[in-house]
Amino acid sequence: MSASPTGPDGHGRGADDVLVVGGGPAGRALAAECGARGLRTTLLDPAPARPWPATYGAWVDELPDLPAGVVAARAAGRAVALTAHRLDREYAVLDVPALRVHLDDGMDRGGVRVRAGRAVGSPAPGSVALADGTVQRARLVVDAGGRAQPLDPGAPRRVPTEQTAYGVTVDADVAAPVVADGEALFMDWRPDHGEPGWPTFLYAIPLGGGRVLLEETSLARRPGLPLPVLRRRLHARLRRHGVVVPGDAPVEKVSFPLDRPRHRAPHVLGFGAAAPLVHPATGFSLASALALAPAVARAAECDDPLAAARATVWPPAARVVHRVRGVGLEALLRMPAEEVPGFFEVFFGLPERHRRAYLSGRDDLRGTLVTMTALFGSADGRLRRRLVGPALLPRLRDNGEEREAAPIG
């Protein structure tokens, strides 16, 4: 990976066309696409060589074309609420090092320059101030810095809604009692861990090479459910199914926000999790970022690249869908623990086209509203009140130790 010498403005060749702040998958994907279009592009990252510890999964139909080696495993999706449901969609788990190589190769081919540095703000249009005192300039500045949103100082300081998870990686034969070969267990809401209180589910997916990730997950809580609770529940759940986790099993710890507001910095485009593209019902964002990157790169060629790129990432329909999903998230946060599996029983019982629209159609306003109408029509009176109430109530401050807002009707 090449890096240019720096001059007084932080770059030896003057202003770039595009400056991407953040070197995760979203930032690298966008930088590679911009470079491929001949745009002079720099990727700024505090630690450009730092590995990515996360596991990335997505529905196969959401992913753009990727080299075969980037997909580590494919599996049929299944979910368990009160009963089991086939999801009629294939789930893919990515080989993270292979994804990194693929994106880095794309940046190399496009002549993207990589600079190590920490952004501390965007003081003026087309500029980024670095912690070392230098300034980097570009026609289009992109904040792809993930949950930190380093270029959006105006982000509200409030208790975030977080998805948290604790997982272990084991051999497929060890995991066989809870997830079959060739299967991805998207959610299993059965309380096999034996604990009352905040609902959690088992997420069990193949990683390729005969390995499986078993992860106890809190879908959404404000603030996130602590990892020690998830670790305890995971091991209790697995013991109940006769799964013995080796003492040296690799561990994965997950914690990220689901409800960051849309990026509001006046001179900057938010992209990836910083946009945020995070789906509040799943926590997924990678497939959306990979799919949007070529269109955003095309927008960067326009006379007003920021306006064009913002319109690409947040067309009116996507903004409304984002708001509708936010109301759904609030409904989940206010729902009593014992009712959560019943909610997902109704959701997973919907036709596949409705589930797909809500889980994947970030700018499919019609599909999202049709799905919400179908969900409302399939729900009983109590669940209907749970779904409607949050649209009429102020944002829940936090969940504390118990669900404080359970009594809605």
Side-chain angles (χ1 to χ4, degrees), residues 26 55-64 71 74-81 83-94 161 163 165 183-189 199 201-205 215 217-220 254 256-259 272-273 275-292 313 315 317-333 335 340-379 383 387:
T55 300
Y56 294 111
W59 303 110
V60 170
D61 53 73
E62 285 187 327
L63 290 170
V71 177
R74 297 170 182 254
R78 184 170 73 95
V80 181
T83 63
H85 300 264
R86 287 285 169 188
L87 300 184
D88 299 324
R89 295 180 81 180
E90 192 175 30
Y91 193 70
V93 179
L94 303 186
T161 303
Q163 182 171 128
E183 180 180 82
L185 186 56
F186 186 56
M187 291 178 173
D188 185 346
W189 286 100
F201 64 88
L202 178 67
Y203 173 67
I205 57 169
E215 202 158 75
T217 305
S218 170
L219 182 61
V254 176
F256 59 87
L258 296 171
D259 62 345
L277 299 180
V278 177
H279 194 310
T282 63
F284 293 173
S285 67
L286 177 61
S288 292
L290 295 178
L292 276 172
V313 176
R319 293 199 298 269
V320 177
V321 169
H322 185 70
R323 170 59 181 157
V324 170
R325 289 174 172 177
V327 173
L329 177 62
E330 290 294 318
L332 187 64
L333 292 171
M335 197 171 292
V340 170
F343 164 76
F344 281 99
E345 181 70 17
V346 175
F347 178 79
F348 287 124
L350 295 176
E352 169 59 23
R353 67 183 184 278
H354 293 330
R355 299 195 304 258
R356 185 187 301 259
Y358 190 78
L359 294 176
S360 300
R362 68 175 303 268
D363 58 358
D364 182 3
L365 178 56
R366 181 181 182 278
T368 299
L369 295 178
V370 168
T371 298
M372 298 303 291
T373 300
L375 181 67
F376 192 81
S378 300
L383 180 54
L387 296 174

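Below, all heavy atoms of this structure are taken into account, side chains as well, without hydrogens, waters or symmetry copies. Computed from a predicted model, the values in this text were never measured in an experiment.
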| task | Determine yes or no for a side-chain-to-main-chain donor-acceptor pair under 3.5 angstrom, with R355 supplying the side chain and L350 the backbone. | result | yes
| field | Contacts of type side chain to side chain donor-acceptor pair (under 3.5 Å), residue D259, not counting sequence neighbours | value | T161, R222, R395
| request: Could you label the plane-to-plane angle of the Y358 and F347 rings as parallel, tilted or perpendicular, counting under 30° as parallel and over 60° as perpendicular? | output: perpendicular
| note | Contacts of R325 meeting side chain to side chain donor-acceptor pair (under 3.5 Å) (sequence neighbours excluded), chain-then-number -> H279
| field | Contact summary for L365 and A317, nearest pair of heavy atoms | value | CB-CB, 4.1 Å
| said: Could you measure the distance from the CZ atom of F344 to the CE atom of M187? Nearest 0.5 Å is fine. | reply: 4.5 Å
| message | If I take atom OG1 from residue T55 and atom CD from residue E215, how far apart are they, to the nearest 0.5 angstrom? | response | 6.5 Å
| said: Go through it in stages, so that I can follow the logic: the residues are W59 and F186, the test is ring pair (Phe, Tyr, Trp, His ring centres under 6.0 Å), and I'd like the CA-CA distance, side-chain angles, deciding distance and then a yes or no. | reply: CA-CA 11 Å; W59 303 110; F186 186 56; 5.0 Å; yes
| task | Quick one: pull up CG in L202 and OG1 in T217 and give me the separation to the nearest 0.5 Å. | result | 7.5 Å
| said: Among residues at least two apart in sequence or on other chains, which ones pass side chain to side chain contact (heavy atoms under 4.5 Å, CB included) with R319? | reply: R262, W314, P316
| Is there side-chain contact between V346 and L375, with heavy atoms separated by less than 4.5 Å? | yes
| query | Quick one: are L332 and V340 in side-chain contact, heavy atoms under 4.5 Å? | reply | yes
| message | Applying side chain to side chain donor-acceptor pair (under 3.5 Å) as the test, list every pair that has at least one member in residues 366-376; sequence neighbours left out. | response | none
| field | Side-chain donor/acceptor of E62 to backbone N/O of S288, under 3.5 Å | value | no
| query | Who passes side chain to side chain donor-acceptor pair (under 3.5 Å) against T282, sequence neighbours left out? | reply | none
| query | In Å and rounded to the nearest 0.5 Å, what is the CG to CH2 distance from L219 to W189? | reply | 5.0 Å
| message | Let's go through R362 and L292 carefully: what are the C-alpha distance in whole Å and the side-chain angles of both, what is the deciding distance for side chain to side chain contact (heavy atoms under 4.5 Å, CB included) to 0.1 Å, and is it a yes or a no? | response | CA-CA 11 Å; R362 68 175 303 268; L292 276 172; 3.8 Å; yes
| request: Drop me the distance from L94's CG to L290's CG, to the nearest 0.5 angstrom. | output: 7.5 Å
| field | Taking every non-hydrogen atom, the tightest pair across A75 and A184 | value | CB-N, 3.5 Å
| message | Can you classify the ring geometry of Y203 versus Y91 as parallel (below 30°), tilted (30 to 60°) or perpendicular (above 60°)? | response | perpendicular
| message | Rounded at 0.5 Å granularity, tell me how far CE in M372 sits from CG in L369. | response | 8.5 Å
| message | Less than 4.5 Å apart, side chain to side chain, heavy atoms only: is that true for S360 and R89? | response | yes
| field | Side chains of E330 and L333 in contact at under 4.5 Å (non-hydrogen atoms) | value | yes
| message | Could you check whether any side-chain heavy atom of L387 comes within less than 4.5 Å of a side-chain heavy atom of F343, counting everything from C-beta outward? | response | yes
| request: Could you tell me which residues satisfy side chain to side chain donor-acceptor pair (under 3.5 Å) with E183, sequence neighbours excluded, listed by chain and number? | output: R78, R86
